[in-house]
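Everything below concerns the one structure shown next.
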Number of protein chains: 2
Amino acid sequence: MARPRKFDEERVLLAVRDAFWDKGYAATSLDDLLQASGLGKGSLYGAFGDKHTLFLRALRDYDNTNLLALRESLESAARGIDMVRDFVLGPAADPTGAVSRRGCLLANSNAELAASTPEVAAEARRSYDAITAILTEALERARREGDLAPDADPADTARAVLVAQLGLVALGRTGEAPDTLAAAARSVLTRLLPAAAR
Amino acid sequence: MARPRKFDEERVLLAVRDAFWDKGYAATSLDDLLQASGLGKGSLYGAFGDKHTLFLRALRDYDNTNLLALRESLESAARGIDMVRDFVLGPAADPTGAVSRRGCLLANSNAELAASTPEVAAEARRSYDAITAILTEALERARREGDLAPDADPADTARAVLVAQLGLVALGRTGEAPDTLAAAARSVLTRLLPAAAR
DNA sequence: GCGGTTCTGGACCGAATGGGCCATAACGAG
DNA sequence: CTCGTTATGGCCCATTCGGTCCAGAACCGC
């Protein structure tokens, strides 16, 4: 019927996500987005709407990708506890610290925008609730597999695990030395899930 | 000698801090700052320098106040463990959720700016290191008072406690229901410091 | 009361912002 | 090949940004 798009929508979304991730929402100008995506103003605007809409779209994409990866991680884990351990240790896993320093797009965005942009806070709640559900499932499995005390409540433990991971992400974002970060991760993991620490 | 200042520097700093706290650094315009402080451009600029400098000043003020309060809290605590418990439960203590939703200025700022403004990340590290030291002292005392297992390492435990608190602050910033937040706080506290949970 | 100095707040500036617009190009259907 | 449709990207605009500057006001010591 008509002229087809020259760009791959998903690719643009990833480039835009990176731009927002690196500079934050407010500090990323339309120009930055155009340069990152390689598109012209009309194209970007026509395909995704204004900056705000585009940002939310990229953020939701990011979240969905993460949730999917988490679910897959649980399915492919040898034991339920393994997935939980990886989840907690993840933010401290990078020996160079570069990944940790970048933080999590959702956490960064929520911290920056929760007060002024309810959609971001809502997205964060949605994401964290979903993660809690996945962790709960993982911990139920871990209990059946003998890696979690029979009297421990999986849902309650899941909340504690999520909190620990959020804390590690926040701490990693400060650029704390990788060793310190790893020590903190190990410390909190040992106390929350002794069976996962060895 | 000359005309004295009409405004109280500390008062202005608090007003400015609130403005940044509510909107984030980038989204707060000079106009916002003038309105919040009630000063004219020349006065604010002359007294504090540009936006960036003013922000760092307000942030450091905020940090120092927090650290001082934490030290006082330790000194006035009946037991070392009480101070640690209050520190962890703090972010979830507000039944309306308004305080939690506001988050922590330092955490918000670090999440927004760590990548682009090294001073902010450095300030966060400084603050978190200082908090860890205070917590370590509190936990050493708690161990002497029988509220921490003799074989537990206070410094290591302090790191875990800090991570938990940062996680709760991050979770609270999403606007999660106060009940859920309180449950998460209680869950993580029970697991990190059984003696503090009752 | 006077002089000198500092404070004050608004006028002003250039630059950059987010967003709208449109002439043109590129394509598929017929 | 032609036509209609849609993507494209650069041009344009009003607004707002952070920051400078200055004329006048306010105050102190003398």
Side-chain angles (χ1 to χ4, degrees), chain A residues 1-59 108-109 112-113 115-120, chain B residues 1-60 105 108-109 112-113 115-120:
Chain A
M1 277 245 283
R3 179 176 176 182
R5 290 224 168 109
K6 203 162 58 188
F7 62 88
D8 174 31
E9 192 154 309
E10 203 58 31
R11 221 180 180 72
V12 167
L13 235 33
L14 285 181
V16 158
R17 178 205 63 172
D18 282 337
F20 281 128
W21 203 342
D22 287 336
K23 309 190 67 174
Y25 174 75
T28 302
S29 70
L30 265 194
D31 240 27
D32 292 330
L33 296 174
L34 297 185
Q35 198 150 355
S37 65
L39 296 189
K41 233 169 213 184
S43 305
L44 195 70
Y45 210 82
F48 300 100
D50 64 9
K51 186 185 173 186
H52 184 248
T53 307
L54 172 58
F55 171 71
L56 286 179
R57 175 87 182 269
L59 182 61
N108 295 351
S109 303
E112 180 186 354
L113 303 169
S116 58
T117 315
E119 296 102 313
V120 172
Chain B
M1 280 238 284
R3 177 177 179 180
R5 288 222 171 113
K6 203 162 58 186
F7 60 88
D8 174 31
E9 193 156 308
E10 203 57 33
R11 219 177 180 73
V12 166
L13 233 34
L14 286 181
V16 158
R17 178 204 64 173
D18 282 337
F20 282 128
W21 202 341
D22 286 337
K23 308 189 67 174
Y25 174 75
T28 302
S29 70
L30 266 194
D31 242 27
D32 292 330
L33 297 173
L34 298 185
Q35 198 151 356
S37 65
L39 297 188
K41 236 168 208 182
S43 306
L44 195 71
Y45 210 84
F48 301 100
D50 64 8
K51 185 186 171 185
H52 184 248
T53 307
L54 172 58
F55 171 72
L56 286 179
R57 175 89 182 269
L59 182 61
R60 292 193 176 115
L105 176 62
N108 295 350
S109 302
E112 178 186 354
L113 303 170
S116 57
T117 314
E119 297 102 314
V120 172

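The chains referred to below are lettered A, B, ... by the order of the sequence lines, with proteins before strands, and numbering in each begins at 1. Here the structure is a predicted model, which means the values were calculated and not measured.
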Over all atoms of both residues, closest heavy-atom pair of F48(A) and L13(A):
CE2-CD1, 3.6 Å

Can you name the closest pair of heavy atoms from A26(B) and A27(A) and give their distance?
CB-N, 4.3 Å

Nearest listed nucleotide, side chain of S29(A), among dC17(D), dG19(C), dT17(C):
dT17(C)

Write down the distance between [atom1] ([X]) and [atom2] ([N]), rounded to a whole number of angstrom.
| X | N | atom1 | atom2 | result |
| --- | --- | --- | --- | --- |
| F48(A) | dG9(D) | CZ | P | 13 Å |
| Y25(B) | dC17(D) | OH | C1' | 12 Å |
| D8(B) | dC7(C) | CG | P | 15 Å |
| L33(A) | dG18(C) | CG | P | 8 Å |
| L34(A) | dA16(C) | CG | P | 15 Å |
| L30(B) | dC12(C) | CG | P | 19 Å |
| F7(A) | dA25(C) | CZ | C1' | 16 Å |
| D31(A) | dC17(D) | CG | P | 18 Å |

Going by heavy atoms closer than 4.0 Å, what residues in residues 38-46 of chain A are next to DNA chain C?
K41(A), G42(A), Y45(A)

Are the side chains of T53(A) and L56(A) in contact, using a 4.5 Å heavy-atom criterion?
no

Reckon S37(A) touches a base, only the sugar-phosphate, or nothing at all at heavy-atom distances under 4.0 Å?
nothing

Hey, what's the ring geometry for H52(A) with Y25(A), parallel, tilted or perpendicular (30° and 60° as the breaks)?
perpendicular

What orientation do F20(B) and F55(B) show, parallel under 30°, tilted 30 to 60°, or perpendicular over 60°?
perpendicular

With V16(A) as reference, evaluate L33(A), D32(A), L34(A) under the side chain to side chain contact (heavy atoms under 4.5 Å, CB included) test and give the passing residue.
L33(A)

